[in-house]
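These numbers come from a predicted model, not from an experiment. Residue numbering restarts at 1 for every chain, and letters A, B, ... go by the order of the sequence lines.
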Amino acid sequence: MKIKCFGIAKDITSTETLNIKDHAIVTVSDLRQWLMTNYEAFANVKSCMVAVNQEYANDNLEISDLDEIAIIPPVAGG
Amino acid sequence: MKIKCFGIAKDITSTETLNIKDHAIVTVSDLRQWLMTNYEAFANVKSCMVAVNQEYANDNLEISDLDEIAIIPPVAGG
Amino acid sequence: MDNKIDILISPKLLSIDRCYDFVVNEGCGGICLFVGTVRNRNKNEDVTHLEFEAYKEMAVKEMNKIAEECHLKFKAKKVAIHHRTGVVSITEKAVIIAVSTIHRKNAFLACEYAIDRLKESVPIWKKEYLENGSYWVNARP
Amino acid sequence: MDNKIDILISPKLLSIDRCYDFVVNEGCGGICLFVGTVRNRNKNEDVTHLEFEAYKEMAVKEMNKIAEECHLKFKAKKVAIHHRTGVVSITEKAVIIAVSTIHRKNAFLACEYAIDRLKESVPIWKKEYLENGSYWVNARP
C-alpha cells in the first residue's frame with residue numbers, strides 16, 4: 001500500500017511515498033493507528049486527514065493497494 | 001454668482017456655468033428656490049445637493065459671489 | 001497627497017497593475033481589488049456605452065475622504081481609487097479600488113465600504129446610452 | 001474543464017491580468033479580486049520567504065469544487081483561482097482569486113468565501129522560513 005506524504009508528514013516519514021506492507025490495515029482508521037505506532041512524531045502534529053482517491057476520507061472507509069492514498073496534514077494555502 | 005452645473009443639471013440649464021444676478025439669494029435654500037422657479041424641469045429630477053467650496057452644503061448655509069458653488073444631481077459613479 | 005493614498009480621475013484606460021503596485025507592500029498579507037466594468041445590459045435594455053462626467057476637484061476630495069476612512073475604520077495600509085471619465089465602452093473599467101491590509105478580512109470590508117461610499121457621495125455622473133436614446137442614471141425620481 | 005472556471009497551480013509568478021482577463025465579460029458589472037501576498041512579519045518574527053507544497057491533482061479538484069460553489073451560491077459568472085508553489089519571496093503573490101458577477105455584492109461574497117474555503121480544504125502546505133529556522137504553518141497543536 002503506497003501512501004503519499006506531504007508537508008510535515010513528509011518530514012516525519014522522510015519520504016514522499018511510504019510503502020506499507022501490513023495486511024492488518026483495512027480502513028483509514030487502521031492506517032492512522034499504524035502511522036502513530038510507527039512514527040511517534042505524529043503525536044506532535046495536529047490531527048491529519050487522509051485522502052483516498054483525491055477525496056477526504058472518513059475513518060471507516062476501506063482502503064486497498066489499488067487506492068491512491070495520501071496523508072493530509074493541516075493545510076495552509078493562501 | 002456662478003453656479004457649476006453637472007450631469008442632468010447641465011442639460012436642464014444648457015450651460016456648464018450659470019451666472020446668476022439676484023441679490024435675494026442669500027442661502028443655499030434661496031438658490032434651490034431660484035432654480036426651481038427658473039427651470040421647471042428640475043421638478044422632474046430627484047432632489048439635488050448643492051456643494052459650496054467643494055463640500056456638500058446644508059440649506060441654511062450662506063453663499064456669496066466668492067464661493068465656488070455647484071449643483072450636484074444624484075451621483076452615479078462606479 | 002499622503003503616500004498611503006492614490007487617487008486618480010482620468011479619461012484614459014484604467015490600470016489594475018498601477019493600483020496593485022501602489023497598494024502592495026511588505027507588511028500586507030491581503031489585497032482586495034474591486035473593478036467595476038461596463039455591462040451590456042441594464043434593466044433589460046441593451047447598453048451601447050456609458051459616459052462619465054466628474055466634478056473633478058470635489059470628486060478627488062471625496063475619494064480622499066473615503067480612502068482616509070478605510071485607513072481609520074479598517075486599518076488599511078494603502079488605498080488606491082481610480083475612476084474613468086468620458087466615454088467608456090462595454091467591458092472597460094469604470095472604477096478600480098484596491099486596498100491592502102495585514103489580514104484579509106479587513107481588505108474585503110474596506111474595499112466594499114469604499115465602493116459603496118463612492119457610489120453614494122462622489123460627484124461623478126453616468127449617462128447610459130441605449131440603442132435609442134440616453135439618460136442620466138439615478139437622476140429621475 | 002468548464003470555461004467558467006480557471007484553476008492554476010504553478011511554480012511560476014502569478015498574473016493578476018491573466019485572472020482578470022479570464023473573468024471579465026460583457027454581462028458582468030462587478031469583479032472582485034483577492035491577492036494573498038507574502039508578508040515580512042508573522043507573529044512578531046521576521047519572515048525571509050515561504051515555500052508552498054501542493055498535492056496538485058487533489059488541490060485542483062478542491063479548487064474546482066470551490067469555484068463551482070461560487071457559481072451556485074453567489075451566481076458567479078466566472079471564477080479564477082491561481083496558487084503558487086515552491087519558494088515565494090516577500091511581496092510575491094501566493095494566491096489570486098477573481099470572481100465576476102452581475103452585481104457587486106455577490107462578487108465580494110464569493111471572493112471572500114473562496115479564499116476562506118481554500119484555506120480550509122485545499123491540500124497545499126506552507127513552510128515559513130525565519131532568520132533561524134523554518135516550520136510548517138498550522139502543523140503543530
Taking the side chain as every heavy atom from C-beta outward, state whether C:Ile115 and D:Phe108 have any atom pair closer than 4.5 Å. yes
Winner by heavy-atom pair count (cut-off under 4.5 Å) against chain C, out of D:Ile31, D:Val47, D:Val38: D:Ile31
With a 4.5 angstrom heavy-atom cut-off, is it the side chain or the backbone of C:Ile102 that approaches chain D, or both, or neither? both
Hey, what donor-acceptor pairs show up under 3.5 Å between chain C and chain D?
from: C:Glu26; atom 1: O; to: D:Asn40; atom 2: N; distance (Å): 2.9
from: C:Glu26; atom 1: OE1; to: D:Asn40; atom 2: ND2; distance (Å): 3.1
from: C:Cys28; atom 1: O; to: D:Thr37; atom 2: OG1; distance (Å): 3.0
from: C:Gly29; atom 1: O; to: D:Thr37; atom 2: N; distance (Å): 3.1
from: C:Ile31; atom 1: N; to: D:Val35; atom 2: O; distance (Å): 2.9
from: C:Ile31; atom 1: O; to: D:Val35; atom 2: N; distance (Å): 2.8
from: C:Leu33; atom 1: N; to: D:Leu33; atom 2: O; distance (Å): 2.8
from: C:Leu33; atom 1: O; to: D:Leu33; atom 2: N; distance (Å): 2.8
from: C:Val35; atom 1: N; to: D:Ile31; atom 2: O; distance (Å): 2.8
from: C:Val35; atom 1: O; to: D:Ile31; atom 2: N; distance (Å): 2.9
from: C:Thr37; atom 1: N; to: D:Gly29; atom 2: O; distance (Å): 3.1
from: C:Thr37; atom 1: OG1; to: D:Cys28; atom 2: O; distance (Å): 3.0
from: C:Asn40; atom 1: N; to: D:Glu26; atom 2: O; distance (Å): 2.9
from: C:Asn40; atom 1: ND2; to: D:Glu26; atom 2: OE1; distance (Å): 3.2
from: C:Arg104; atom 1: NE; to: D:Asp116; atom 2: OD1; distance (Å): 3.2
from: C:Arg104; atom 1: NH2; to: D:Asp116; atom 2: OD1; distance (Å): 2.7
from: C:Lys105; atom 1: NZ; to: D:Glu112; atom 2: OE2; distance (Å): 2.8
from: C:Glu112; atom 1: OE2; to: D:Lys105; atom 2: NZ; distance (Å): 2.8
from: C:Asp116; atom 1: OD1; to: D:Arg104; atom 2: NE; distance (Å): 3.2
from: C:Asp116; atom 1: OD1; to: D:Arg104; atom 2: NH2; distance (Å): 2.7

Checking heavy atoms, do the side chain of D:Val24, its backbone, both or neither come under 4.5 Å from chain C? side chain
Max heavy-atom pair count under 4.5 Å with chain D, selected residue of C:Cys32, C:Ala107, C:Cys28: C:Cys28
Just give me the residue among C:Gly36, C:Gly30, C:Ala98, C:Ala94 that pairs up with chain D most often, heavy atom to heavy atom, under 4.5 Å. C:Gly30
